[in-house]
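First comes the structure, then the notes that go with it.
In this text the structure is predicted, and so the values were computed from the model without any measurement. Order of the sequence lines sets the chain letters (A, B, ...), proteins ahead of strands, with each chain counted from 1.
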Amino acid sequence: MLPLIFECMSLIELSDQEIQRRETLNEIRNFGIEPYPAALYPVSHLSTDIEANYEEGKKVIVAGRLMRKKIQGKASFAELQDSAGRIQVYFNRDEICPGEDKFNYNELFKKLLDLGDFVGIEGTLFKTQVGEITVRVVDFKLLSKSLKPLPMPKTDADGVTHDAFTNPELRYRQRYVDLVVNPHVKDVFLKRNKVFNAFREFFNSRGYIEVETPILQPIPGGAAARPFTTHHNALDTTLYLRIANELYLKRLIVGGFEGVYEFSKNFRNEGMDRTHNPEFTAMEIYVAYKDYNWMMEFTERLLEHTAIAVNGTTVASFGDHTVDFKAPYKRVTMRQSIIDFTGFDIHGKTEEELRTWCTSNGVEVDFTMGKGKLIDSIFGEKCEGKYIQPTFITDYPKEMSPLCKQHRDNPELTERFELMICGKEVANAYSELNDPIDQRERFEEQLKLSEKGDDEAMFIDQDFLRALEYGMPPTSGLGIGIDRLVMYLTNNLSIQEVLFFPQMKPEKWGNSGPDLTENERLILAVLEKEKSMDLVVLKERVALSNKAWDLGMKGLTKHGLAKVTKTDTSLIVDLTS
RNA sequence: GAUUCCGUAGCUCAGCUGGUAGAGCAUAUCCCUUUUAAGGAUAGGGUCCUGGGUUCGAAUCCCAGCGGGAUCACCA
């Protein structure tokens, strides 16, 4: 009984076109054709290979999704989409079916193949009267049946797209559909892949080693951020999803590697917007015997190399801006930057003086903020957004950089830089702090900040301190936000566009069986006792408003759970079983 | 978290101060042997996001909720 209802329900929820395709699927099977064959299909060419190396009459075997079907009597055109692009195919009835049996054309191609189906095609190349390269079909095979119709955007001769699949919610939740019908979306992810390859190539050619470090960490270190918490059952202990991999990579430098890097999926339990996703990808690299000056040069050359690898040029458009990744980049100290944009010199100022300046200059502050955070707020508010072209901001206050080596010329500062592009931080690098005593003190200061209410201050990682005590060579480290870099290189203003599956609220799926509303259940409960009763009596018994009653009853009859019969004198409601 | 806009057919979208739910594409049937988003004819297709309220009557007005976008806040 229940499975039957369930089956009915799932059919009710299918659209006409989905039902149609299921029926077609059955027909295909009835004709003895397997709609999901197991055997490999011997593809010989991609659509783009055919375009690039066209030869009249060449035999090819191609496969892909059927994306266009234009039937005109005994001959038809269709379009096949594979991973590289599209190719037109030509079906001629009497060439495909030379004998009396016209099944393959009249039935299989014309009626049983739907848009979106995977089809394999064997044929020869020719050019149509309008000169389009086309495969003349000799034989074809259904490789996989599609049961859901795809959205079908079309671009006209003027380049205008009709029926574009643009709804962001649908696009992100069903990225597979987005990728099938929006080629420009696929291009973004191909470029993303090129970023990774360019980085790897750049690092590997210099002898640096790609490594992997823990994602589940007992202490979430290496950044100031709120972590996700999880629990390990066997150890009965709390673990955190990493917010950064910095402390582990430095342990490897302690261990004797001289250059290590990792593409790190990091997780931060913070807000989401068009530049923040709860999980994101950072690349961190640590190189022994270097300092942050060396790292600046390294970074600008890396980015120049990457921009060329991705776009073939160092110039990239981003919204209204044009960004040039050509090295070298401008270098400005944080102190100078604040002077440039506000005239205020933070040098030698006390916490109180900074706070006073902030409140009288419209920079929001609160009492959990120490000197470092105050300066960071000034910079964030007044300067950060102004740097469009790649610019290194150097020499950050010590308090906000607890893992960074003190500046060689000024004990209040650190040897740190961030790379700003289009007003956003893209990279962050240090001469790494390798003095274990200093590092312990810095952690303790963080502890004080956290007692003051800063819920992002860092935890003390005793094992990391132990590692430093064994000795770490002077080292420079760099972190780059890959998602943001990809945004810049692909001209996407939203991080969701450069992640295959951006985080979204879980989708609601109907539970099993008919999904009854509260009112429907109420009516059904009464009706189940009586099996059959007068409509007016039932209505009074459930005491619902007119509208609620009406909707409830209509729902029940629609689900096939109740039936209303009209007699001469009254209306009778029956429970149907 | 705040503000604001949006949710109508498989897709893209109309639908006015409340009065029988629409178009194009897609789908189905028929005609058509070289088409370029869209050949011709006919037909089917709806939980107007959900629930409640106002009303003789709600896709439309009001309230609440759900989902999404944008802006802001938060965010090394």
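Remark: the A:Asn167 side chain and the B:C11 base include no donor-acceptor N/O pair separated by less than 3.5 Å. The base of B:U36 is paired with the side chain of A:Thr128 by a donor and an acceptor separated by under 3.5 Å. Between the side chain of A:Glu132 and the base of B:U36, at least one donor-acceptor pair of N or O atoms lies under 3.5 Å. No hydrogens or angles were tested; on distance alone, nothing pairs the side chain of A:Arg274 with the base of B:U71 as donor and acceptor under 3.5 Å. At a cut-off of 3.5 angstrom, the base of B:U33 holds at least one donor-acceptor pair with the side chain of A:Asn92. Judged by distance alone with a 3.5 Å cut-off, no donor-acceptor contact links the side chain of A:Glu425 to the base of B:A76.
Nucleotides B:G22 and B:U60, compared at atom C1', are 15 Å apart to the nearest Å. With C1' as the reference atom, B:C11 and B:G45 are 14 Å apart, rounded to whole Å. Rounded to whole Å, the C1' atom of B:U17 lies 37 Å from the corresponding atom of B:G1. Distance check on atom P: B:C56 versus B:G18 gives 15 Å, rounded to whole Å.
One atom, NZ of A:Lys505, and another, P of B:C49, lie 19 Å apart when rounded to the nearest Å. The CD-C1' distance, from A:Gln88 to B:U35, rounds to 7 Å in whole Å. At whole-Å resolution of the value, CZ in A:Arg268 and P in B:A76 are 8 Å apart. To the nearest angstrom, P of B:C75 lies 14 Å from CD of A:Glu418. At whole-Å resolution of the value, CD in A:Glu279 and P in B:C75 are 22 Å apart. One interatomic measurement links the two molecules: CG of A:Asn492 to P of B:A70, which rounds to 12 Å at whole-angstrom precision. What separates CD1 of A:Ile19 from P of B:U27 is a distance of 16 Å, to the nearest Å. Atom-to-atom, CD of A:Glu79 to C1' of B:U36 comes out at 9 Å; the value is rounded to the nearest Å.
A:Arg171 comes within 4.0 angstrom of nothing in the nucleic acid, heavy atoms only. Among the protein residues, A:Arg136 comes within range of the nucleic acid bases, having at least one heavy atom under 4.0 Å from a base atom. Nucleic acid contact class of A:Tyr396 (heavy atoms, under 4.0 Å, all strands): none. In this structure, A:Gln496 reaches the sugar-phosphate backbone alone: every heavy-atom distance under 4.0 Å involves primed, P, OP1 or OP2 atoms, never a base.
A ring-centre distance under 6.0 Å is found for A:Phe341 and A:Tyr387. Checked against a 6.0 Å centroid threshold, the rings of A:Phe91 and A:Phe77 do not count as neighbours.
Considering only side-chain N and O atoms, A:Arg68 lies nowhere under 4.0 angstrom from the phosphate OP1 or OP2 of B:U35. The phosphate of B:G44 (OP1 or OP2) has no side-chain N or O of A:Gln17 nearer than 4.0 angstrom. Between B:U33 and A:Lys74, a contact under 4.0 Å exists linking OP1 or OP2 to a side-chain N or O.
Nearest nucleotide to the A:Pro151 side chain, out of B:A37, B:C11, B:A76: B:C11. Side-chain proximity of A:Asp16 to B:G69, B:U33, B:G44: nearest is B:G44. In this structure, of B:G67, B:G10, B:G69, it is B:G10 that holds the atom nearest to the side chain of A:Pro149.
Comment: A:Asp438 does not engage A:Lys405 in a salt bridge, judged by the lack of any side-chain N to carboxylate O separation of less than 4.0 angstrom. At a threshold of 4.0 Å, the pair A:Glu399-A:Lys371 does not count as salt-bridged, since none of the basic side-chain nitrogens sits closer than that to a carboxylate oxygen. We find that A:Arg355 and A:Glu351 are joined by a salt bridge, their nearest charged nitrogen and carboxylate oxygen being less than 4.0 Å apart.
Remark: of the listed residues A:Arg416, A:Glu418, A:Arg335, A:Glu415, A:Glu418 is the sole one forming a side chain to side chain donor-acceptor pair (under 3.5 Å) with A:Tyr396.
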